[in-house]
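Values in this document were obtained by computation on a predicted structure and should not be read as measured data.
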Amino acid sequence: MAYLQKKRLHGVSAGFSRQAVLLFCTVLLIALSTATGFLTRAFHLKQQAIAENWFQLGNSSLAAGHARDARDDYRNALIFEPQNTTYQLHLAQALTAFGQPDQSRAYLLNLLTEFPGDGEVNLELARLAAHDGAVTAAIHYYHGAIYGAWDSNPVESRRGARLELCQFLVNHGEYVQAEAELISLAAGIPEDASALQATAGDLFLRAGDANRALNEFQLSLKVSPGNEGALAGAGRAAYRLNDFKQAAYYLERAHAANSNDPEMAQMLDTSRAVLAADPFAESLPEAERARRAAKALTAALSRADKCMASAPNADGSSLQALMERAKAGQRGIWNENGLHLHPEQIPAEMRVVFDIETQCDSECGKPEGEDLALSLIRDLHKDIASGAPGI
Amino acid sequence: MSATPTPGTPDAPQPGIEVRQPGYFRRLWERWEERIPQFGEGQLFLLLAVVIGLFSGLGVVLFRIAIEWTQLTLLGPELHPAKIRLLLVPSIAGLIVAVLAIHVFPRARGSGVNQTKAAVYIFDGYIPFVTVTGKFVMCALSIGSGFSLGPEDPSLQIGAGIASKLGRELKLSQEKIRLIAPVGAAAGLAAAFNAPISAVLFVIEEVIGNWSGGVLGAIILAAVSSVVVMRQFLGTDALFRVPPFRLEHPGELLAYAVLGVVGGGASVLFLQFIAFTRPRLQRLPHWTQYFQPAIAGFAIGVIGMRAPQVLGAGYPIIDWALHDQFTWNVLIALAICKIVATGLSFVSGAPGGLFAPTLFIGAMIGGAVGGVEHLLFHQITGSVGAFALVGMGTLFAGFLRVPITSVFMVIEVSGSYSAIVPVMISNTIAYLISRRYQRSSLFDMLSQQDGIDLPSIEEQREQAVLRVENAMQRVAGTPEQRDEIFAQALKRAGVPSDGYFLSLDRAGWRVCRRKPTAIADENSTGEGAPVAPEALDTSPYLYPDETLEEALRSFGDWPVLPVISRADFYKLGGVITLPDVLRAYRSE
């Protein structure tokens with residue numbers, strides 16, 4: 001055999017015992033391990049430096065909105081540090097930004113397996129689920145983000161995640177769950193976070209909780225009295241609560257700052273109209289109360305006439321009966337002078353006004369202008385509208 | 001203090017000759033050498049397995065760093081290297097590799113698997129250490145310059161070479177030196193893949209072909225110790241990170257069966273590409289061998305301009321495929337480019353392994369099949385990444401034809417057990433298709449092309465095993481028929497029928513004969529006396545399911561042996577003679 005011939009020729013190893021060879025192997029192993037350790041470390045440092053360089057480039061690209069470049073840079077970084085979870089997360093974010101949610105999800109799910117309690121990973125997955133409209137999955141991941149671990153700014157990050165969850169729930173019409181999350185969110189908002197309070201107020205309003213919404217807007221306005229969004233929000237919330245005095249107050253200020261919002265302008269007009277037309281308003285002189293009541297009846301009759309004319313096929317018998325009763329009353333004491341002399345008749349007269357308005361609503365659609373104000377006054381004084389004694 | 005030699009004794013100094021006393025360190029060494037434990041051959045073999053594992057682990061760590069450093073230096077730190085680099089680097093590296101392979105390291109060519117098998121079966125376990133050096137340098141250069149080859153098979157040969165060198169230095173017996181190369185091979189492969197189980201299985205499935213207890217322990221020790229070293233320096237993470245995977249419905253297994261069919265087909269294509277191209281290039285004039293790797297390198301550079309992902313081993317790209325980073329059409333394009341690039345790299349004679357490219361192609365094909373199936377059937381829940389993972393194992397089973405290794409390899413390189421069922425289904429289908437349409441496995445084909453006759457482990461596996469039940473004469477019915485069949489058996493064996501008889505005692509059925517001493521006593525005392533049990537020789541016995549090889553070992557000088565049931569020692573199944581065994585082998 002070739003090696004035996006070679007051994008005979010050279011006879012190098014013949015002189016060493018097994019113990020000597022083993023000892024030599026031990027020494028060689030130690031030396032080789034040390035050298036390998038140094039080399040590995042040097043190489044890893046070099047790889048880390050290159051990876052970090054690509055990572056920084058990726059960050060710059062992402063910040064500049066160049067998601068494609070960012071994706072390529074992060075991928076290059078991962079070539080040198082494939083196990084770096086920060087790079088993986090950033091790549092996932094770049095992929096999401098570039099419109100490749102499936103690719104992003106693959107990385108995120110992998111990260112989630114490794115760090116199931118990581119807030120950032122859960123949040124990214126929640127965003128993807130929200131983007132897909134997967135409500136259950138989104139809520140699951142958002143909760144993972146809210147109760148998960150965050151490396152930096154945990155309180156703010158959790159609050160941000162909850163805010164996103166609330167927005168998602170409101171957008172998907174999940175108002176009950178949204179309200180519960182919003183209450184938790186509002187409890188944690190610092191007193192000086194005006195913008196966040198306004199946002200929470202807005203979400204409360206969209207979730208149907210005008211009371212809490214008004215409260216959040218008012219808290220926001222305490223810190224930033226001129227906050228236009230908070231003013232408009234507070235106005236809307238007060239309007240929703242039928243608190244037209246406050247609504248008019250906030251909406252006037254908001255309108256002064258931004259007069260381009262037609263809806264807000266209409267709400268302001270309506271609020272003013274309600275305040276100007278409500279005969280049951282506190283501290284009104286008797287004469288004014290009588291004037292408003294008489295004017296309301298005239299307006300109601302006018303709407304009823306128009307309604308009868310515009311919808312001839314409608315069953316107008318009950319409206320006709322109401323009109324006849326109103327007109328008879330008008331001819332009697334349900335006029336300005338009569339009501340001034342008999343203020344106790346105002347509730348009865350206004351009940352007829354409210355009934356006419358209600359009938360017109362059902363026959364001819366939603367009211368506008370002064371009639372809208374009367375409808376709102378009816379809602380405001382439900383006890384009177386339902387027959388309870390007024391004033 | 002040493003004793004003074006007595007004049008006249010053999011140790012006494014001869015007049016006029018100066019005797020040099022051993023030095024202090026020499027004496028110290030001798031004293032230490034006497035005290036340390038003396039190892040027997042078996043103990044030394046196991047200890048050496050650990051040492052081999054440690055050296056192989058270190059060697060593979062250095063090898064991987066050398067490859068990556070070369071790649072970083074030659075191709076730069078970005079995925080898309082400059083075009084000029086892509087054209088020049090692989091071409092020049094190919095030229096250098098060719099010169100080294102022809103003039104300096106002629107035995108360091110190829111992937112390394114067949115070279116290790118040749119060392120075991122032809123060269124008595126001898127692998128010159130210069131081959132290890134050559135493999136290290138040439139593979140680092142070729143893979144690092146972008147040739148589409150992997151570091152695993154070379155690592156296997158590096159491990160085997162280290163083992164062979166250590167075995168020789170420790171003056172192991174010839175038998176042990178022959179066995180030590182597979183031990184090193186397992187260590188090298190385990191460190192390269194960070195997968196000790198797959199490495200052990202591969203060496204058993206492809207190199208040694210049996211589960212010999214004598215070597216299995218050493219192989220495992222070496223594989224484990226090399227992986228420990230590798231993880232110490234390169235980290236404990238699995239080679240790939242796989243997104244979570246869950247099979248929602250058993251019907252989805254059909255989707256993976258389709259992948260098995262496609263993977264099997266791709267394996268056959270890849271094998272036939274190499275089978276067709278390699279011998280034709282080898283037949284070209286000798287001087288062309290200087291330029292073949294360079295031309296292949298240039299072609300790979302051209303491919304790399306459009307698809308730089310195919311350069312080198314491609315592990316990061318496999319990782320991307322596992323994370324759904326490519327659309328199905330890109331995956332198909334990458335698979336085709338990789339097949340061409342790997343085929344060109346390998347047939348040109350550039351040294352490097354085929355394991356990593358096989359995984360790459362498998363991952364791309366798997367991902368592509370998964371992507372297409374997702375388009376067609378939206379209810380499939382397995383991600384494209386899951387298909388890529390299964391695809392890796394599928395091509396491994398179909399192309400390298402190591403079905404068991406392929407299953408465990410997927411588990412180990414991904415660190416995930418979740419895909420085991422789809423992997424088993426897909427791998428089996430790919431393996432069967434590959435066997436059906438490509439007669440020889442890759443390694444058998446390569447050894448045939450190189451003109452050496454290495455044993456085909458795959459064929460050994462497939463060989464039917466002849467058992468005792470295939471050769472024995474069955475005994476049934478009455479005692480008369482039983483005696484008749486026994487007499488016929490003795491006749492076939494060519495021995496007189498009166499010297500042997502069948503006997504049933506408490507231990508079951510045996511063939512008996514009188515001991516020579518008893519025959520002598522009988523002659524002196526006269527016939528007719530009853531034969532005492534202690535005066536009889538009793539035969540061994542066989543079971544019907546024992547192999548004929550085992551039966552041959554049992555025969556000794558017995559002309560006939562009983563075959564009894566494992567469930568009932570008192571039930572004679574039949575009798576068997578040596579002519580029966582020979583007849584069974586002849587009629588095979």
Portion of [X] that has a non-hydrogen atom of chain B nearer than 4.5 angstrom:
{"X": "A/Gln47", "result": "side chain"}
{"X": "A/Leu108", "result": "neither"}
{"X": "A/Arg75", "result": "both"}
{"X": "A/Leu109", "result": "both"}
{"X": "A/Gln88", "result": "side chain"}
{"X": "A/Leu23", "result": "side chain"}
{"X": "A/Phe80", "result": "side chain"}

Contact origin within [X] toward chain A - heavy atom pairs under 4.5 Å:
{"X": "B/Ile317", "answer": "neither"}
{"X": "B/Glu68", "answer": "both"}
{"X": "B/Leu48", "answer": "neither"}
{"X": "B/Ala238", "answer": "backbone"}

When the aromatic ring centroids of A/Tyr74 and A/Tyr87 are compared, is their separation below 6.0 Å?
->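 A/Tyr74 vs A/Tyr87: aromatic centres not under 6.0 Å.
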Please find out if less than 6.0 Å separates the ring center of A/Phe43 from that of B/Trp69.
->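 Distance test on ring centres: under 6.0 Å, yes.
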Residues in side-chain hydrogen bond (donor to acceptor under 3.5 Å, both in side chains) contact with B/Lys176, at least two apart in sequence or another chain =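 None.
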Can you tell me which of [options] forms the most heavy-atom pairs within a distance under 4.5 Å of chain A?
{"options": "B/Asp237, B/Leu322, B/Leu166, B/Leu234", "answer": "B/Asp237"}
{"options": "B/Val229, B/Leu62, B/Val51", "answer": "B/Leu62"}
{"options": "B/Leu58, B/Leu72, B/Val61", "answer": "B/Leu58"}

Might you point out which heavy atoms bring A/Ala67 and A/Leu62 nearest each other, and give the distance in Å?
->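 Smallest interatomic distance, heavy atoms only, reads CA-CD1, 4.4 Å.
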List the steps, then state whether side chain to side chain donor-acceptor pair (under 3.5 Å) holds for A/Asn171 with A/Arg206.
-> CA-CA 9 Å; A/Asn171 289 340; A/Arg206 289 173 63 196; 2.5 Å; yes
Who are the salt bridge (Lys or Arg N to Asp or Glu O under 4.0 Å) partners of B/Asp319, not counting sequence neighbours?
->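 In terms of salt bridge (Lys or Arg N to Asp or Glu O under 4.0 Å), with neighbours along the sequence ignored, B/Asp319 is linked to B/Arg241.
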Just list the side-chain donor-acceptor pairs under 3.5 Å for residues 27-42 of chain A, sequence neighbours left out, or say none.
unit_1  : atom_1 : unit_2  : atom_2 : d
A/Ser33 : OG     : A/Leu29 : O      : 2.7
A/Thr34 : OG1    : A/Ile30 : O      : 2.7
A/Thr36 : OG1    : A/Leu32 : O      : 2.6
A/Thr40 : OG1    : A/Thr36 : O      : 2.4

Can you pull out the residues in residues 116-152 of chain A with any heavy atom less than 4.5 Å from chain B?
->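 Within residues 116-152 of chain A, no residue comes under 4.5 Å of chain B, counting heavy atoms only.
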